[in-house]
Amino acid sequence: MKRMKIADLTPEMILASDVINCDGRFLLPAGAALTERSIRLCKAWGIVEAEIEGEEAPSFDAGRNDVDPAALAAARRLNEYRFLHAGTKHRAMRELENLSSLRKARAIEQGLPGGRFSVIGDDDAEAVEGNVPLEPINLGRLSEFGLRLPTLPAVFDRINETIMNPNSSAGDIADVVGKDTALTSQLLGIVNSAFYGFVSKIDTVSRAVAIVGTKQLTSLVFGISVIKIFDRIPARHIDMREFWRHSLACGIAARIIAGYKQIQNTERLFVAGLLHDIGRLLMYRLWPEHSRRVLFAARRESRLLNEVEKDMLDIDHAGIGALMAERWKLPFLLEATIRYHHAPGNSYNRLETAIVHLADIIAHVMEKGSSGEFFVPPLDEDAWDLLDISENLLTVIIDHVDRQIDDVTAYFFPGS
Ligand SMILES: [Fe+2]
Ligand SMILES: [Fe+2]
């Protein structure tokens with residue numbers, strides 16, 4: 001008996017145990033022979049793996065032997081350095097490294113470079129040699145800057161008020177959103193995108209409220225509003241599009257994991273993923289020279305960026321992001337996921353922080369965008385245990401992120 005990924009199942013294999021989905025719904029009995037239809041059913045119900053009688057699970061390379069072994073070997077060599085801090089001892093990291101190598105190998109086969117390797121040129125790295133020591137950063141600037149930031153659009157407050165009013169209906173919420181035509185078209189675009197994957201088109205906000213839910217829609221409005229404000233902050237040493245792409249990939253992955261953990265309002269986790277590295281955007285904006293020196297030192301010494309941030313600045317981007325969240329009065333639980341996304345064990349919102357922690361690692365593994373970090377961040381094993389998911393789910397999450405990211409980027413950043 002072997003556990004096999006749903007993607008590797010073929011008709012006529014015999015189930016060694018019952019197939020039950022995450023809601024406890026019984027789908028197929030032990031002893032049943034699989035058919036094309038039952039495999040499709042399992043996929044539709046979000047089943048990740050099944051136990052099969054008398055079958056050897058294919059090894060990574062054997063199961064995916066459509067790639068050229070030389071390209072795969074080259075991909076693995078490239079990944080050795082990227083996984084320097086994350087390692088591959090843990091089974092989840094081993095699976096992620098496998099998936100990453102496969103993606104790189106396919107890129108190499110197509111004559112592509114196999115991924116992003118550095119955001120810093122060697123010439124630039126030399127230019128910082130001999131610089132004078134850094135002054136400590138003045139965190140007071142964060143408060144001043146916070147005061148100068150525009151507040152969330154009034155429409156967000158009005159939606160929140162309407163939701164808090166027990167007498168308001170879905171129609172009332174739709175009325176409030178409907179007054180902002182740009183927001184309405186953006187929201188409907190997202191609701192009709194691969195993010196939700198609805199079969200029929202949703203063409204009014206009231207229908208979107210009825211189908212998606214008020215809290216979920218409010219979280220989306222919040223995400224759109226925050227991006228609008230922060231996207232206007234030009235920052236040196238970072239490509240804003242790349243930064244938001246990394247954030248969106250993390251948000252999408254967090255939402256998918258939250259769905260598997262049956263967390264209500266998965267959109268809240270999407271927003272938490274979207275904002276997890278917001279502190280880095282503020283660092284690049286407020287302390288560009290410090291940020292540049294941190295970036296170079298991290299690359300020169302092959303160290304993780306957030307550790308170098310702490311050493312050189314006494315605070316890392318997670319701390320800066322959390323300070324900003326506090327001063328901006330973002331929800332308390334959101335502030336916790338931002339503050340502890342690299343140390344989820346310290347969080348007072350442990351499960352959600354663990355979700356964002358893993359989603360960030362996945363976004364790095366997929367090399368979707370960049371917030372400046374070159375290496376794949378290490379996995380907190382306690383966070384993994386707390387999540388209690390199968391490593392076979394990782395390939396499903398990556399597939400979903402791949403399918404959604406371009407669509408979601410287009411609607412969150414129209415015209416980009
Ligand atoms: Fe981070
Ligand atoms: Fe990140």
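Order of listing sets the numbers, starting from 1, for every ligand and every atom in it. Since the model is a prediction, treat every value here as computed from it, not as a measurement.
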### Task
Establish, from distance only, whether the side-chain atoms of Ser17 and Glu51 form a donor-acceptor pair under 3.5 Å.
yes
### Task
Examine the side chains of Asn79 and Arg82 and answer whether a donor and an acceptor come within less than 3.5 Å of each other.
yes
### Query
Between Phe195 and Tyr411, does the ring centre distance come in under 6.0 Å?
no
### Pair listing, salt bridge (Lys or Arg N to Asp or Glu O under 4.0 Å) test, anchored in residues 332-352, at least two apart
Arg268-Glu352, Glu326-Arg339, Glu335-Arg339
### Task
Take the Fe ion (ligand 2) as the centre and count protein N, O or S atoms at distances under 2.8 Å.
4
### Message
Is it the case that the side chains of His317 and Glu309 hold a donor-acceptor pair, with the cut-off being a distance below 3.5 Å and no angle test?
### Response
yes
### Leu269 side, atom CG; Arg255 side, atom CZ - distance, nearest 0.5 Å
10.5 Å
